[in-house]
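Within every chain, numbering begins at 1; the chains are lettered A, B, ... in the order of the sequence lines, protein sequences first and strands thereafter. The model shown is predicted, which means the values in this text are computed figures rather than measured ones.
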Number of protein chains: 2
Amino acid sequence: MYFCLNYYYRMTHSEENYLKAIFHLNKGGAKAVSTNALAGQMKTKPSSVTDMIRRLAEKGVVHYKKYQGVSLTEKGSRLALSVIRKHRLWEVFLVEKLSFSWDEVHEVAEQLEHIKSEQLIDRLDKLLGFPKFDPHGDPIPAKDGSLPSGDKQLLSNMPLHSRGICVGVKDSSSAFLKFLDKNRIALGYRIELMEKEEFDSSVRVLVEGEPIHLSHQIASNLYVKKI
Amino acid sequence: MYFCLNYYYRMTHSEENYLKAIFHLNKGGAKAVSTNALAGQMKTKPSSVTDMIRRLAEKGVVHYKKYQGVSLTEKGSRLALSVIRKHRLWEVFLVEKLSFSWDEVHEVAEQLEHIKSEQLIDRLDKLLGFPKFDPHGDPIPAKDGSLPSGDKQLLSNMPLHSRGICVGVKDSSSAFLKFLDKNRIALGYRIELMEKEEFDSSVRVLVEGEPIHLSHQIASNLYVKKI
DNA sequence: ATATAAATTTAGACAAATCTAAAAATATGT
DNA sequence: ACATATTTTTAGATTTGTCTAAATTTATAT
Ligand SMILES: [Mn+2]
Ligand SMILES: [Mn+2]
Ligand SMILES: [Mn+2]
Ligand SMILES: [Mn+2]
């Protein structure tokens, strides 16, 4: 078991959830994650976060100085990516093999991501045909931690009259996903930006040729890849 | 969530493992399970078992009187069967869909059995074609807790010259399962009892027509269904 | 029946993960 | 610069699940 990452850095479910949260909060921004932000994300109290951060620092998976926030070490980053990889692969499994809809998978994947077995996840990956993106368009980290880039952008940031393919969602709440289902918008669909309304930043688009009017809130949560 | 069994009796992983252990130790014998027996099965100390038993009694899932051992209540029995159902369905999944061999599945199923989602397990059941037995020949409880009976018996108990189908193993240790693989004995194979050796209770059999000599230890861990 | 052995429970301790309430450090506004 | 607000940490408690060591109960054997 010499080669197995998880052998030396065996984390509890809770620790893994914290690593994931730190990863997501730190993505983009270069500065450390604040205790309060982490407490918000984890739906727990700042004092609990402080306790946990100290344990994680002990284990060498985060950088931490009192009052200065927290960030992942190399190890921590690798572990976080490994959990995210499992989460997203299980989401694909639930949708592709068990006919879950994309708004139902998160809670179950949240549990499944903690199952410890390299062999299991490798074979699941194979069963699913080595997918690169999860049902919400989020990239699935490879075994080595590398992320496929999709060079996508938010629909709200697209230039007028440009065309693209719908490739992901920023918000993956059940409410938003159900809205998209109801309005026949799905990943892979062609989308063309016809008109932008100055006043409320809403947009008129063609989705697979069908015209539809979308609020700024919708347009700023939908990722599009230009073509 | 009114109808959901697990909503009212939400157990921790450890509690579920204890319920399963009590179920297995009590199967057959009508008398209560002793603290020491349970400690042996759970690989923990008798004092820890006493603590846990008291929590389980609090929750109404076991009958318990000091010094008198423990047994499952109706609720406890339903919960244990639900965990066993999940364990065995996941084992089938690992073998059928992910090409695990039957000696590799136990450890992973031991984790997967604790995933909480009725929908998940129902759909997994469907994906697998509603199997009745797991890779070791053990019956998979139905949703209502009923167990398909296989009216099987140990090879060592079969009368001379009788024939049957190999349907299960009593010992499902990796060592035993690998021995069977190596000697080309698998579930579903025809087996005929040719000769019993008085001295050491070993047997000579035909497995799919091929003669082989098996020790008593082997014969008393292999289940056969008469034909 | 009584001594001894075995099984079981109690007492007291610990680590993990959380909480509330209070204290300390940092940031902000005039 | 200084008062106030916000953020973060500490102190102390709780729950779960485990442990060791000691006490107690039940079983067994002469
Ligand atoms: Mn999780
Ligand atoms: Mn996702
Ligand atoms: Mn288990
Ligand atoms: Mn099995």
S.K.: Look at atom NZ of A/Lys170 and say whether more than 12 heavy atoms of other residues, nucleotides or ligands are closer to it than 6.0 Å.
M.R.: no

S.K.: Report, one line per pair, each donor and acceptor closer than 3.5 Å where one atom sits in a side chain of residues 43-69 of chain B; sequence neighbours left out.
M.R.:
| residue | atom | partner | partner atom | Å |
| --- | --- | --- | --- | --- |
| B/Thr50 | OG1 | B/Pro46 | O | 3.2 |
| B/Lys59 | NZ | B/Glu15 | OE1 | 3.1 |
| B/Lys59 | NZ | B/Glu15 | OE2 | 3.2 |

S.K.: Does B/Glu96 have any salt bridge (Lys or Arg N to Asp or Glu O under 4.0 Å) partners at least two apart in sequence or in another chain, and if so, which?
M.R.: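 In terms of salt bridge (Lys or Arg N to Asp or Glu O under 4.0 Å), with neighbours along the sequence ignored, B/Glu96 is linked to no residue.
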
S.K.: The criterion is ring pair (Phe, Tyr, Trp, His ring centres under 6.0 Å); which residues satisfy it with B/His216, sequence neighbours excluded?
M.R.: none

S.K.: Where along residues 33-47 of chain B does a heavy atom come under 4.0 Å from DNA chain D, residue by residue in number order?
M.R.: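 The stretch gives B/Thr44, B/Lys45, B/Ser47 as the residues lying under 4.0 Å from the strand, ordered by number.
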
S.K.: B/Gln111: which residues meet the side-chain contact (heavy atoms from CB on, under 4.5 Å) condition with it, sequence neighbours left out?
M.R.: A/Ile115, A/Lys116

S.K.: List the residues meeting side-chain contact (heavy atoms from CB on, under 4.5 Å) with A/Ser101, not counting sequence neighbours, and say none if there are none.
M.R.: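 For A/Ser101 the side-chain contact (heavy atoms from CB on, under 4.5 Å) partners, ignoring immediate neighbours, are A/Asp103, A/Glu104.
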
S.K.: Without placing hydrogens or testing angles, list every side-chain donor-acceptor pair under 3.5 Å for residues 129-141 of chain A, not counting sequence neighbours.
M.R.:
| residue | atom | partner | partner atom | Å |
| --- | --- | --- | --- | --- |
| A/Lys132 | NZ | A/Phe130 | O | 3.1 |
| A/Asp134 | OD1 | A/His136 | N | 2.7 |
| A/Asp134 | OD1 | A/Gly137 | N | 3.1 |
| A/Asp134 | OD1 | A/Asp138 | N | 3.0 |
| A/His136 | ND1 | A/Glu91 | OE1 | 3.2 |
| A/His136 | NE2 | A/Trp102 | O | 2.8 |

S.K.: Rounding to a whole Å, what distance do you find between A/Met52:CE and D/dT9:C1'?
M.R.: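 Distance, rounded to whole Å: 17 Å.
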
S.K.: Whole angstroms only, please: what is the CD1-P distance between A/Ile53 and D/dT10?
M.R.: 11 Å

S.K.: Without placing hydrogens or testing angles, list every side-chain donor-acceptor pair under 3.5 Å for residues 31-42 of chain B, not counting sequence neighbours.
M.R.:
| residue | atom | partner | partner atom | Å |
| --- | --- | --- | --- | --- |
| B/Ser34 | OG | B/Ala37 | N | 3.0 |

S.K.: Sequence neighbours left out, what passes side-chain contact (heavy atoms from CB on, under 4.5 Å) with A/Phe179? Give chain and number order.
M.R.: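 If we apply the side-chain contact (heavy atoms from CB on, under 4.5 Å) test to A/Phe179, skipping adjacent residues, the hits are A/Asn183, A/Leu214, A/Ile218.
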
S.K.: Looking at B/Ser48, I'd like to know whether one of its side-chain N or O atoms comes within less than 4.0 Å of OP1 or OP2 on D/dC19.
M.R.: yes

S.K.: How would you list, by chain and number, every residue that makes a ring pair (Phe, Tyr, Trp, His ring centres under 6.0 Å) with A/Phe100, sequence neighbours excluded?
M.R.: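 A/Phe100: no ring pair (Phe, Tyr, Trp, His ring centres under 6.0 Å) contacts found.
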
S.K.: Reading DNA chain C from 5' to 3', where do the contacts with chain B start and stop? Cut-off is 4.0 Å to heavy atoms.
M.R.: C/dA7 to C/dT10

S.K.: Mind listing the residues from residues 55-72 of chain B sitting with a heavy atom below 4.0 Å of DNA chain C? Number order is fine.
M.R.: B/Tyr64, B/Lys66, B/Tyr67

S.K.: Rounded off to whole Å, could you give me the CZ-to-C1' distance for the B/Arg10 and D/dT16 pair?
M.R.: 17 Å

